[in-house]
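Worksheet: one structure, shown below.
Every value quoted in this text rests on a predicted model; they were computed, and no experiment measured them. Throughout, a chain's letter reflects where its sequence line sits, starting with A, and its residues are numbered from 1.
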Amino acid sequence: AQSVTQLDSQVPVFEEAPVELRCNYSSSVSVYLFWYVQYPNQGLQLLLKYLSGSTLVKGINGFEAEFNKSQTSFHLRKPSVHISDTAEYFCAVRENTGNQFYFGTGTSLTVIP
Amino acid sequence: ETGVTQSPTHLIKTRGQQVTLRCSSQSGHNTVSWYQQALGQGPQFIFQYYREEENGRGNFPPRFSGLQFPNYSSELNVNALELDDSALYLCASGSTSGGFNEQFFGPGTRLTVL
């Protein structure tokens with residue numbers, strides 16, 4: 001079965017500093033990759049997705065992620081975070097042969113003023 | 001364009017009871033998926049419905065069942081509730097024209113089982 005690992009459960013970072021949230025997955029088939037953000041008491045909002053093509057994908061709110069097939073990783077980055085980026089971030093994977101999304105356990109990003 | 005809506009927002013039940021959660025898909029979408037998100041965990045796929053039939057299921061027992069209606073609204077039914085069923089239940093709608101590649105999530109229903 002597919003598994004998604006988010007290596008950091010909590011990431012504190014100062015405002016305007018860069019941040020990287022790590023995600024690794026296990027799959028022997030081609031996958032589609034996603035990052036979602038969840039604010040308190042809300043559902044999930046799509047930040048960005050990788051389907052094919054360029055391995056560097058840009059999303060909303062200044063986030064970007066890079067797909068690395070050899071390392072089976074899809075790390076999320078932002079060069080300068082804001083207080084409003086404080087939220088829970090989830091990495092998700094879907095195999096191209098199925099319709100099920102597999103989610104990681106999430107990374108709680110806290111931006112410190 | 002309306003988003004995905006879910007009702008109720010919160011629900012408290014006791015062990016052994018049955019519960020029905022409702023979801024209204026985003027306009028133009030024809031698939032709906034349900035996820036269970038336990039506290040501190042990522043969402044876990046329960047099942048997906050397409051053309052009013054179950055179209056894939058995760059590792060959940062048969063007491064979790066669903067319905068999709070012609071207007072693309074959906075229900076999640078859980079029988080014989082257990083304490084571990086306490087979670088946030090998320091509904092996500094999507095479109096087959098998008099190749100199942102994107103799902104739009106509702107705000108969720110918080111179920112507490114006592």
Given heavy-atom pairs under 4.5 angstrom as the criterion, report whether the side chain, backbone, both or neither of A/Leu46 touches chain B. side chain
Applying the 4.5 Å side-chain criterion to the ILVMFWY set and letting contacts propagate, would A/Phe14 and A/Val11 be lumped into a single cluster? no
May I ask whether A/Leu56 and A/Leu33 are part of the same hydrophobic cluster, defined by side-chain heavy atoms of I, L, V, M, F, W, Y residues being less than 4.5 angstrom apart, directly or through others? no
same_hphob_cluster(A/Val29, A/Phe103) at 4.5 Å side-chain heavy-atom cutoff: no
How close do B/Arg57 and A/Gln100 get, counting heavy atoms only, and between which atoms? O-OE1, 4.3 Å
Shortest non-hydrogen contact from B/Pro43 toward A/Leu44: CG-CD1, 3.7 Å
Distance, nearest 0.5 Å, that separates CD of B/Gln37 from CD of A/Glu88: 8.0 Å
Side chain, backbone, both or neither of B/Gln44 within contact of chain A (heavy atoms, under 4.5 Å): neither
Over 12 foreign heavy atoms within 6.0 Å of CG, B/Asn59: no
State yes or no: do A/Ile60 and A/Tyr39 share one hydrophobic cluster built from I, L, V, M, F, W and Y residues joined by side-chain heavy-atom distances below 4.5 Å, directly or via other members? yes
Same hydrophobic cluster for A/Leu7 and A/Tyr36, using side-chain heavy-atom links shorter than 4.5 Å among ILVMFWY? no
Engaged part of A/Gln45 at the chain B interface, taking heavy atoms whose separation is under 4.5 Å: neither
Going through the distances and angles, do B/Gln48 and A/Phe101 end up as a side-chain contact (heavy atoms from CB on, under 4.5 Å)? CA-CA 10 Å; B/Gln48 182 185 86; A/Phe101 279 59; over 6 Å; no
Check: A/Arg94 and B/Phe45 side chains under 4.5 Å, non-hydrogen atoms: no
Using a cut-off of 6.0 Å, state whether more than 12 heavy atoms not belonging to B/Arg15 lie near its atom CZ. no
Considering only heavy atoms, give the residues of residues 104-113 of chain A separated from chain B by less than 4.5 Å, sorted numerically, with 'none' for an empty result. A/Gly104, A/Thr105
By the rule that ILVMFWY residues connect when side-chain heavy atoms come within less than 4.5 angstrom, directly or transitively, which residues belong alongside B/Val78? B/Leu11, B/Val19, B/Leu21, B/Val32, B/Trp34, B/Ile46, B/Phe47, B/Tyr49, B/Phe60, B/Phe64, B/Leu76, B/Leu81, B/Leu83, B/Tyr89, B/Leu111, B/Val113
